[in-house]
Protein chains: 4
Amino acid sequence: MKEKITDHSIRLFEKKGFSETSIQDIVDTLGVTKGTFYYYFSSKEELLMNIHLGYIDELLTSQMQILENNQISCKQQLFEIVYLLIGSIELKGSSAKIFFREMRNLSEDRLTQIVQKRDQFRMNVERLIREGMEKGEFRADLNAAIVTFGILGAANWSYQWFNPNGNSSDREVAEIFVEMILKGIQLN
Amino acid sequence: MKEKITDHSIRLFEKKGFSETSIQDIVDTLGVTKGTFYYYFSSKEELLMNIHLGYIDELLTSQMQILENNQISCKQQLFEIVYLLIGSIELKGSSAKIFFREMRNLSEDRLTQIVQKRDQFRMNVERLIREGMEKGEFRADLNAAIVTFGILGAANWSYQWFNPNGNSSDREVAEIFVEMILKGIQLN
Amino acid sequence: MKEKITDHSIRLFEKKGFSETSIQDIVDTLGVTKGTFYYYFSSKEELLMNIHLGYIDELLTSQMQILENNQISCKQQLFEIVYLLIGSIELKGSSAKIFFREMRNLSEDRLTQIVQKRDQFRMNVERLIREGMEKGEFRADLNAAIVTFGILGAANWSYQWFNPNGNSSDREVAEIFVEMILKGIQLN
Amino acid sequence: MKEKITDHSIRLFEKKGFSETSIQDIVDTLGVTKGTFYYYFSSKEELLMNIHLGYIDELLTSQMQILENNQISCKQQLFEIVYLLIGSIELKGSSAKIFFREMRNLSEDRLTQIVQKRDQFRMNVERLIREGMEKGEFRADLNAAIVTFGILGAANWSYQWFNPNGNSSDREVAEIFVEMILKGIQLN
DNA sequence: TATGAATGAGCGTTCATTCAT
DNA sequence: AATGAATGAACGCTCATTCAT
């Protein structure tokens, strides 16, 4: 039941927004009463936190697996991470949207926790960029921090428009993005 | 008074969110009463729409000026547009955040209007990319649509992290982004 | 309207208790809606605090008038204070009951305020007892603090049983109490 | 288990009040679940009734023992009863507070029962006063009913302030009270 | 004996909106 | 141009109680 509530909530939060979705809305789609909700969650915010954690924790785990793989180059690792982000929209798109949109509705304490994890993900990418610069895979004159923001921006923004059922697959989009990031769009 | 209400609302909506800001909150900061608000606006949503229009219309106007300037290359136009977006965060950061975050709170009719303008801005960039491809400024094998999403993603995302008072200026960030987009980060 | 709400609330709180009386109960007796209540009071607790203050402040003022009257003896002042307490049940009986029963429902801050005033009333009586002991009106071997508790207990308790429409008037009860307190019930 | 529930409830009801204490609060302190509570009690009110009965029945029994003792004077009996009341605060203070504060939360039927017993206790004191008047122990001109209210008020009120760990013991307080009641505070 | 899931009614509070003045 | 009183619907949440197991 807890899982059912979470799943239905994710769908509703994505469609209508967190503040705009009432507990009543959630339980109505399940045919249960509000009491049932509060049997499983101590507050609406706790449910939101669960959704946030479910998303970011899985992302961090996957990112770790990519970064620990020493057999592939930094370029390839970068591709995998971009692919991870865009692909996650196909699999967990609703959670992704909630993650990026509804942070403001967490309490200060919980927000700190989530921001920490989000920053950790970013710092891991920044470190990868630096490593690639040292190893000669990337140009040595990059501003790693800002380039990282650019890469993550391109990838994360896709939750706003990427349609898993559209013309391009997540892999294609990731390839186009990484190609652009690596080689640039300029004709030499 | 209408302008004063709008200005104070922008600040509040940015800080606390649209749904989380009450009419009472707004009029309290102005020392007037709720009746005054409804003398100038027919609903809270109309105010939100005004803020949205104020932001996107100005952006479209500026974009037009850049695109109509035939004396500069496509590359330069692209730079100007990225700079426009990041720079707008310094000048109109609150409106930018509201624009990207609070679309959901518009009625369907009004949303359509705004989405149209937002898409227009994007299609203008896509057309610029295609023009550059034809003119030989950009590589001819690009997927213009997706590359455009990537560029706008990198630029728009900056409203989430860019701090006008931080280490890098808006111009520097724009330069780093456009350099990355044009030349790529790979060491040849 | 604020006064009307307060008056009706006092009656309801007395009859059913503070926790057991809902805002809905209150506004129903007035034929208005809950919104109206919150237009005048920021919370249910604020209303309770108003009732508490209305009672104790008036009592303290009256007590002060008695104690500042230098033309009457300590004995007479004691009588006036007991009479004040019992008489207040006739006039403000409901408030009195609420005052003694519903302190627990105030927030810590507000409780402190009220307890201070209640203690001030008691300390004023204790001081009167000491003064009477020094002046030779009262026996010199009294434990002023505990005797004060006894006197106030006898008087305050009357809110539990005293019926203004019963056989004895407030003045008679006060006279009987003070006679008992002064002369004792023992036959010498 | 039933006793354990009762004991923990008494402590909670005293601290937070009956209405403000939930069944969940009670079972949480015991590490059991709500079902367990309802296995032993048919309702929250039944539990409250049990607490009331436990207090007043014991008090009535003790009072009876005092009144049946023909070897001591009325004065002494009066002392014993006052001592019984104040002393009960030390031993059963929580129950005492609940008894005086939470009557309102009983159903009409149960309230009648309790009020009867409470009145019985009072009438026993009133009868004692009359007996003392007849026997020449007390002044013959007393209004027995109201004097009784005064005595019980002084004694019962002590649950509001008497601290068993404070400067004066229950016995001392009882002695001071009875001395005041018997001899008065006036210097002859 | 005790649990755990679920209910249903109610609570205090918020808030966008209306409207006579 | 602005106020102040009032509404009504909704919201997050609580809680005594039920009941199959």
Side-chain angles (χ1 to χ4, degrees), chain A residues 1-2 4-5 18-28 30-48 105, chain B residues 1-2 4-5 18-28 30-48 105, chain C residues 1-2 4-5 18-28 30-48 105, chain D residues 1-2 4-5 18-28 30-48 105:
Chain A
M1 173 55 64
K2 190 167 182 172
K4 266 172 77 179
I5 294 176
F18 176 78
S19 289
E20 292 73 20
T21 303
S22 68
I23 306 288
Q24 195 62 61
D25 290 338
I26 296 168
V27 297
D28 280 355
L30 288 159
V32 295
T33 56
K34 277 194 275 189
T36 303
F37 178 91
Y38 282 95
Y39 182 75
Y40 292 103
F41 297 93
S42 68
S43 72
K44 199 184 170 192
E45 198 217 324
E46 190 191 272
L47 164 61
L48 180 60
N105 294 292
Chain B
M1 173 58 64
K2 191 166 182 174
K4 264 173 79 180
I5 294 177
F18 176 77
S19 289
E20 291 73 19
T21 303
S22 68
I23 307 286
Q24 195 62 61
D25 289 338
I26 296 168
V27 297
D28 279 355
L30 287 159
V32 296
T33 55
K34 278 194 274 194
T36 305
F37 178 91
Y38 281 93
Y39 182 77
Y40 291 103
F41 297 93
S42 69
S43 72
K44 196 183 169 190
E45 196 218 328
E46 192 192 89
L47 164 61
L48 181 60
N105 293 292
Chain C
M1 173 56 64
K2 190 166 182 176
K4 264 172 78 180
I5 294 176
F18 176 78
S19 289
E20 291 73 21
T21 303
S22 68
I23 306 287
Q24 195 63 60
D25 290 338
I26 296 168
V27 296
D28 280 354
L30 287 159
V32 296
T33 56
K34 279 195 273 190
T36 303
F37 178 90
Y38 282 96
Y39 182 75
Y40 293 102
F41 297 95
S42 68
S43 72
K44 198 184 171 191
E45 197 217 326
E46 191 192 272
L47 163 61
L48 181 59
N105 293 292
Chain D
M1 173 57 63
K2 191 166 182 173
K4 263 171 79 179
I5 293 176
F18 176 77
S19 288
E20 291 73 19
T21 303
S22 67
I23 306 287
Q24 194 63 60
D25 289 339
I26 296 169
V27 297
D28 279 355
L30 287 160
V32 297
T33 56
K34 277 193 276 194
T36 305
F37 178 90
Y38 281 94
Y39 182 77
Y40 291 103
F41 297 93
S42 71
S43 73
K44 197 183 169 191
E45 196 217 328
E46 191 192 271
L47 164 61
L48 181 60
N105 293 292

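Every heavy atom of this structure was used, including side-chain atoms; hydrogens, water molecules and symmetry mates were not. Lettering of chains follows the sequences in order, A, B, ..., and the numbering in each one begins at 1.
The side-chain heavy atoms of B:Asn105 and A:Glu20, taken from C-beta on, include a pair separated by under 4.5 Å. In this structure, B:Ile26 and B:Leu47 have side chains that are in contact, with non-hydrogen atoms separated by less than 4.5 Å. Under the 4.5 Å side-chain criterion, counting only non-hydrogen atoms from C-beta, B:Leu30 is not in contact with B:Phe37.
Nucleotides of DNA chain F nearest to A:Gly35 and C:Val32 differ in position, and the one nearer the 5' end is that of C:Val32. When each of A:Ser43 and C:Lys34 is assigned the nucleotide of DNA chain F with its nearest heavy atom, C:Lys34 is the one assigned upstream, toward the 5' end. Comparing A:Thr36 and C:Glu45 by the nucleotide of DNA chain E whose heavy atom lies nearest to each, the residue mapping closer to the 5' end is A:Thr36. Residues C:Tyr38 and B:Ser42 each lie close to DNA chain E; by heavy-atom proximity, the contact nearer the 5' end of the strand is made by C:Tyr38.
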Q) C:Phe18 and C:Lys44: side-chain contact (heavy atoms from CB on, under 4.5 Å), yes or no, with the steps? A) CA-CA 9 Å; C:Phe18 176 78; C:Lys44 198 184 171 191; 3.8 Å; yes

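One atom, CZ of B:Phe37, and another, C1' of E:dA16, lie 9 Å apart when rounded to the nearest Å. Protein atom CG of C:Asn105 is 13 Å distant from nucleotide atom C1' of E:dG12, rounded to whole Å. Spacing between atom NZ of C:Lys4 and atom P of F:dA5 amounts to 14 Å, rounded to whole angstrom units. Regarding D:Ile26, its CD1 atom lies at a distance of 8 Å from the P atom of F:dA16, rounded to whole Å. E:dG8 atom C1' lies 14 Å from atom CG of A:Asp28, rounded to whole Å. Spacing between atom CD of A:Gln24 and atom P of E:dG8 amounts to 12 Å, rounded to whole angstrom units. For the pair C:Ile23 CD1 and F:dA6 P, the interatomic distance rounds to 16 Å; values are reported in whole Å. Residue C:Phe41 contributes atom CZ, which lies 18 Å from atom C1' of E:dT14 at whole-angstrom precision.
Phosphate contact (OP1/OP2 of E:dG4, side-chain N/O of A:Tyr40, threshold under 4.0 Å): absent. Here C:Tyr39 does not reach the OP1 or OP2 of F:dA6: none of its side-chain N or O atoms lies under 4.0 Å away.
D:Thr21 comes within 4.0 angstrom of the backbone, heavy atoms only, and of no base. Heavy atoms of D:Ser22 sit under 4.0 angstrom from primed sugar atoms or phosphate atoms, though from no base atom.
Taking 3.5 Å as the limit, the base of E:dT13 and the side chain of C:Lys44 contain no donor-acceptor pair of atoms between them.
Base pairing analysis places F:dA6 opposite E:dT17; the two distances defining the Watson-Crick or G-U wobble pair are each below 3.5 Å.
Residue D:Lys4 qualifies as open at atom NZ: its count of foreign heavy atoms under 6.0 Å is 12 or below.
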